[in-house]
Amino acid sequence: MTRFSRRTFTKLLVTAPPSLYLVGLVEKADLLQAQSECAIPNRIAGYTLTDEDKILASKFLAAQHKSLSTLREGDLANGLAPSFVPVSLRLEKREGKSR
Amino acid sequence: MIPVETLFLSLSQQAKLIKRKKLSPIAITEAYFNRIEKINPRVHAFAIVTTELAIQQAQQAEKEINAGFYRGPLHGIPFAAKDLFAVKGYPTTWGARPYSDQVIDDDAAVIVRLKNAGAILLGKCAMSELAGGPPNATATGACRTPWDLSRWSGGSSSGSAAAVAAGLCSFALGSETWGSIMTPASFCGVTGLRPTFGQISRAGVMSLSWTMDKVGVLARDAIDCSTVFDIVRGKDSEDPYSADAIFKPKYTKASERLSKLRIGFMREDYDKWGEPDVARAFQEGLRVFKQMGTEPVELTLPEHPYEAVATTIIASEEASAFEPLIRSGKISGIIDPDRRGELLGGQLITAVDYLRCQRIRTAMVQDFAELFSKIDLILGSSTLKCAPPIDADMNSIFEGGNIIEAAENLLGLPAVSIPCGFNKQKLPIGLKIIGPQFAEANVLEAAHVFQSITDWHTKRPKL
């Protein structure tokens, strides 16, 4: 494996293909897919990301991409509305008995 | 001088003594503070002690009880609250360094209800940083299980469970978004109740995930959890998601009622993901349920990507909830690097993906309604492993299995974790009982019957 000085390595982290720095943490294909779909911006919510922040956010999104690819597999029926809150407030004032 | 045994009595036993004026609220409060002073430096269960407030509340309780004004079963009972419940006049740090100086000038709704019931707040309990992350990711030092001080108490209600287990309070408030009551209850060998989503107001409680956060109770047994739950539950105008269902458990007839319930259980792959001793304890738990007159049947969960949906929803909602933390730049003070990545990366999850998860959640709700038309309660292991070493890798602690935990939390189902044995290292093991929404009575009655014929919940760590 190629070895870099700390300074060079840090520079590479934000400029080089992700396989150079995240191999072993996540699947390379997931990472590349995540990066192609969602580049890490320099600023998020008005906050300027450090190099380390970009790596951490990339790592999270790469793992997330893997999850989302499963979620995106099926088509959801047009009428299937989001739940947001799983509890029906219609149950108010009633006992939640199962028998 | 109050004997240490009194500090380990159940809340209901302490309440009887207090009501009969055989136990002074002031004396028991002082006794708990003495024990906290002695034990807490080793356990790290308390982040903040609220001495001045507690003494004032104890004096008031004693005065009222001596004058014949008894408020009820929590009057004069000392408790602790996870440090995400706002308490007027004291810091509320959410377990995170960027909030170490935060003072919210109001009491959380649940704290108000406990104050009105005459309970005495001893302090705020240590918690995982912003209610998530590995053992060392907390502003107050890793909280340890009183059963082995080299091991973690679990998270994120770390200190709440440890304080109850170590005899530092009568009960404690905790919260759960995904495993934060069940896990520490299991690792610390106490009883933990996670009620149905919305049963207890979250006003004045740190928000991690608006659609998944629940407030709950950690205590010595199911009856104690029930007592506290009955006082703090109910509709609150400040929490639009709060609900007001009827709760009328009948513990005297619990055995009879339980034998009529249909019980299912989840068989986990303990060989792959768990510990053999946890598998053995769960089998023994099933045997006890058969002894209780039930016939547990094996279940298969409806097929859904529970963990992926839960991860996406929590990451999206926490990224929004903590946007001010990011904006201020104070996110750099978050100890756990993975958490920083999650908070930043969560900002980049698309609305379409978030909505997709919430729509899949609707399908889950429908499938579980079908499941609960055939089954009344589901049994499972609270955790598949026992308390890990403080420096253990988070992924190794929670890797694999226990898929139902994500489902329970997405669906807002009530559950109770009860001690059901020990492993070879004498670490506690938890069994959980899950019910359909608003079935707290059934869940707690079943736990009570289990605890009336086993004594795991009465075991105490040597400290």
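Lettering follows sequence order; numbering is per chain, from 1. Side chains are part of it too, since the values below use all heavy atoms of this structure and drop only hydrogens, waters and symmetry mates.
Taking both residues in full, the closest heavy atoms of A/A57 and B/L344 are given as CB-CB, 4.2 Å, listed atom of the first, atom of the second, then distance. The nearest pair of heavy atoms linking B/L348 to A/A39 is CD1-O, 4.4 Å. Closest approach of A/S83 to B/R361, counting heavy atoms only: OG-C, 3.8 Å. In plain terms, the two heavy atoms of B/A315 and A/F60 that are nearest each other are CB-CZ, 3.6 Å. B/G345 approaches A/L61 most closely through the heavy-atom pair O-CD2, 3.5 Å. Nearest approach of A/Q64 to B/T312, heavy atoms of both residues: NE2-OG1, 2.5 Å.
Interface check for chain A: of the options B/P305, B/P337, B/G329, B/G412, the most heavy-atom pairs under 4.5 Å are formed by B/P337. For chain A, the option among B/Q347, B/E323, B/R356, B/Q366 with the highest count of heavy-atom pairs below 4.5 Å is B/R356.
Side-chain contact between B/D353 and A/L71: absent, with no pair of heavy atoms (C-beta onward) separated by less than 4.5 Å. Within the 4.5 Å cutoff, side-chain heavy atoms of B/L355 are placed close to those of A/F84.
Residue B/V352: no heavy atom, backbone or side chain, is found under 4.5 Å from chain A. Looking at A/L68, only its side chain comes within 4.5 Å of chain B, counting heavy atoms on both sides. If you measure heavy-atom distances from B/I331 to chain A, the contacts under 4.5 Å come from the side chain alone. For B/T196, the part lying near chain A is the side chain, with the backbone staying farther off; criterion is any non-hydrogen pair under 4.5 Å.
Of the possible donor and acceptor atoms, none in the side chain of B/T362 sits under 3.5 Å from a partner among the backbone N and O of A/L80.
Applying the side chain to side chain donor-acceptor pair (under 3.5 Å) test to pairs two or more places apart or on separate chains, those with a residue in residues 334-345 of chain B are A/E52-B/R340, A/K59-B/D338, B/E318-B/R339.
For B/L301, the side-chain contact (heavy atoms from CB on, under 4.5 Å) partners two or more places apart in sequence, or in a different chain, are B/M266, B/Y306, B/F368, B/I403, B/I404.
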